[in-house]
Engineer: 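The structure is given below, and queries will be raised subsequently.
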Amino acid sequence: MIETEILRTVEACLRRDPRAEKALFERFAPRVFALARRYAPDETAAQDFLQECFICVFDNLKKYDARRGEVGAWIYRISVNTCLQLLRKTKQQPLLDFGDLPATSDEIEPDDLVQIPENLILEGIRQLPPGYRQVFNLAVFEDWPHRDIAAALGISESASRSQLTRAKQFLKSFIHKTLPSYAPQRLV
Amino acid sequence: MRRNDWFETFLRSRVQPEASGLDFENVWARLQHRRRQRRRRRIFFLLLWGLLAGAGLGFWLWNRPAPDSVPGQPVRAADIAAANNTAVPEPATEAIKNVTPDRSSTAKAVAVQEPAIKINPAAAGDFLNRIPEQYELEKNAPAEKNPASGDPANVLVHDGTAGPDWVFPRLPLIKRPIYSAVQNIDFQYVEAGLFAQKKSNKYPKWLLGMELGYGLHFVNRSGDDATWLGLRSGEETPLDIFSAGVTLRRHLNRRWFLQAGLGWVRGADRRSFTSEKTVTEIKPDQLVQIIIHADGTQEEVFSDAPVTTVTRTQGVQYNRFDRFEIPVLAGYEILPGQKTGWSVAAGLAPGLAGRNKGFVADTLPGQQISLAAAGYRTSGLVAGIIRMELGFHLPAGAIGLSLQARADLFNTTKPDALFREKRCAMGVVLSFRRNLSAR
């Protein structure tokens, strides 16, 4: 679907055309779901996040301004904010639960990671405490600068940097420990 | 800009930007369900706010003061005279003088449109002594009431030096006028509505009425077959509920009442479904085989063959649940005798008869069954009702606006059904009642 078609779909969505709404959902749901999987603690929650993201998208669609960027980027940005908001609302998982991560000394080399499946990486990300997970996702996948992360999460920039470093150490350690079960896929 | 290391680059390359493997159709169905729920909730709160705002506005309109007079406040005779374009009466030797206002006067003269009370000058001293006692005053001047309305007349009082100075509309309403001396009459704020309260001791005993209701209803369904119930939850969305009926209300006293009636209630569900129909037919002359011979030639074999056609239908249908019931309520007037007042009522609505129309998904995939076959009952249903009403009382009756909640007390399904279901609803009810008698 090229951008002009997407814009036409958005206009139809604004007229509450259910077919257009479904088309927009089908076009962007895989991308938003990939995002939701990284932020949510499990798959079920990821599906709930996906729903909430699109509810938010449809509720705010009239605010979309085509001059300020593509629809996809706008939806993605709204989805990131919705995920952060949902995590903030979830009392069981406070936003900045920077619990202690185990000290890691395991080092892995790039060659070890060639055949690591995506699910293992997602599993590792989900094992991060929520605060670390958010900093990690925003920094690595959304490529937000630490200044923006700090503002969004209400922490200092130095805290954002240190949490990112520690989250990466934890992930490396997690992958290192889990690698033996993927031994057949490793390139030695 | 942050500097990315190899690990971050690796992670970005390994995690797919788009996820697959999820049943997006299912998520879309649930998403639509959630949006419908949100929309219904929004409508409900709009209704609720509208009801409260309307009630507040109605209350204010009903109780706002008259444009040119403050209720219960004395009116200066000089102002009345100015409004009437007449001269203020000359000072009199009597302490109190008979005054009959101009009946053609309007506007500010509203307060004196009734004949003034006539008091014998010889009794003026006695009158002034008795004036704080409204009942004494009534005793002393029983014949001075307005013969048409029976209301007490207005009274003009001189201060003895400068002619009629104050006019007290409906003097007997004054509960405790305080004045320091005859020469300087100074009445305190007069509590308005005392007379109305007294008059309102007459309350209607029987009221015949009709009611119209609209609300949203919700379903609570349970059972052993979680998959089937999940499918039904995805397909079926409870919509709105309408009600209409006639009522008869009997006031036991000023506060308590009983109400019974005959009502019709219709609840509706929307069902969005996908059904598959598979038809297998034997069709002649179908290409069933291609034989490739050793020399490379091909032989096509035609014969009768079964051809399966799968027809998938997506549709929307509405299930309707109609009930005839006898709602019986007991209620309590919180502010009896007021023009506008709140009341609360609660009771039961046993069902007389019912009719269900529509279909739900069957436990067999792709099939559907009627509501009757699914096990929905049409009789033996009892709902509990609770309502809070804002009533606008008129001379001939009353108009009521209620916020009402109702809930099934028993399952709406038969004991042998595969599931159990109860429904509850919340909405507004508009009532019109006419007095049949007064006590």
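In what follows, every chain begins at residue 1, and chains take the letters A, B, ... in the order their sequences are listed. No experiment lies behind these values; they were computed from the predicted model shown.
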Engineer: Measure the spacing between CZ of B:Arg38 and CD1 of A:Ile55 and express it to the nearest 0.5 Å.
Structural biologist: 5.0 Å
Engineer: Within the side chain of B:Arg30, is there an N or O that forms a donor-acceptor pair under 3.5 Å with the backbone of A:Gln51?
Structural biologist: no
Engineer: In Å, rounded to the nearest 0.5 Å, how long is the span from CZ of B:Arg12 to CD1 of A:Ile121?
Structural biologist: 12.5 Å
Engineer: Using non-hydrogen atoms only, which part of A:Arg38 is less than 4.5 Å away from chain B: side chain, backbone, both, or neither?
Structural biologist: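 Looking at A:Arg38, just its side chain touches chain B.
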Engineer: Nearest 0.5 Å, what's the CD-CZ distance between B:Gln32 and A:Phe58?
Structural biologist: 7.0 Å
Engineer: How far does CG of A:Leu50 sit from CZ of B:Phe24, to the nearest 0.5 angstrom?
Structural biologist: 6.5 Å
Engineer: Look at A:Ala36, A:Ala46, A:Pro18, A:Pro30 and state which one has the largest set of heavy-atom pairs under 4.5 Å with chain B.
Structural biologist: A:Pro30
Engineer: Is there a side chain to side chain contact (heavy atoms under 4.5 Å, CB included) between B:Phe7 and A:Leu171? Walk through the geometry before answering.
Structural biologist: CA-CA 10 Å; B:Phe7 187 61; A:Leu171 264 184; 3.9 Å; yes
Engineer: Counting only heavy atoms closer than 4.5 Å, note whether A:Phe28 contacts chain B via side chain, backbone, both or neither.
Structural biologist: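 Neither the backbone nor the side chain of A:Phe28 comes within 4.5 Å of chain B.
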Engineer: Answer yes or no: does atom CZ of A:Arg68 have more than 12 heavy-atom neighbours from other residues, nucleotides or ligands under 6.0 Å?
Structural biologist: no
Engineer: Decide yes or no on side chain to side chain contact (heavy atoms under 4.5 Å, CB included) for A:Gln47 and B:Asp23, but give the supporting numbers first.
Structural biologist: CA-CA 10 Å; A:Gln47 290 185 27; B:Asp23 183 0; over 6 Å; no
Engineer: If I take atom CG from residue B:Leu31 and atom CD from residue A:Glu21, how far apart are they, to the nearest 0.5 angstrom?
Structural biologist: 8.5 Å
Engineer: Is chain B contacted by the side chain of A:Asp148, its backbone, both, or neither, given a heavy-atom distance below 4.5 Å?
Structural biologist: neither
Engineer: For A:Glu26, enumerate each residue passing the side chain to side chain contact (heavy atoms under 4.5 Å, CB included) test, keeping only those at least two apart in sequence or located in another chain.
Structural biologist: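 With neighbours one apart ignored, the set is A:Lys22, B:Glu25.
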Engineer: Is it true that atom CD of A:Glu70 has more than 12 heavy atoms of other residues, nucleotides or ligands lying nearer than 6.0 Å?
Structural biologist: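 Check fails, neighbour count at 12 or below.
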Engineer: Roughly how far apart are B:Leu11 CG and A:Ile175 CD1, rounded to 0.5 Å?
Structural biologist: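 B:Leu11 atom CG to A:Ile175 atom CD1 measures 6.0 Å (nearest 0.5 Å).
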Engineer: Within a 6.0 Å radius of atom CZ on B:Arg266, are there more than 12 heavy atoms belonging to other residues, nucleotides or ligands?
Structural biologist: yes
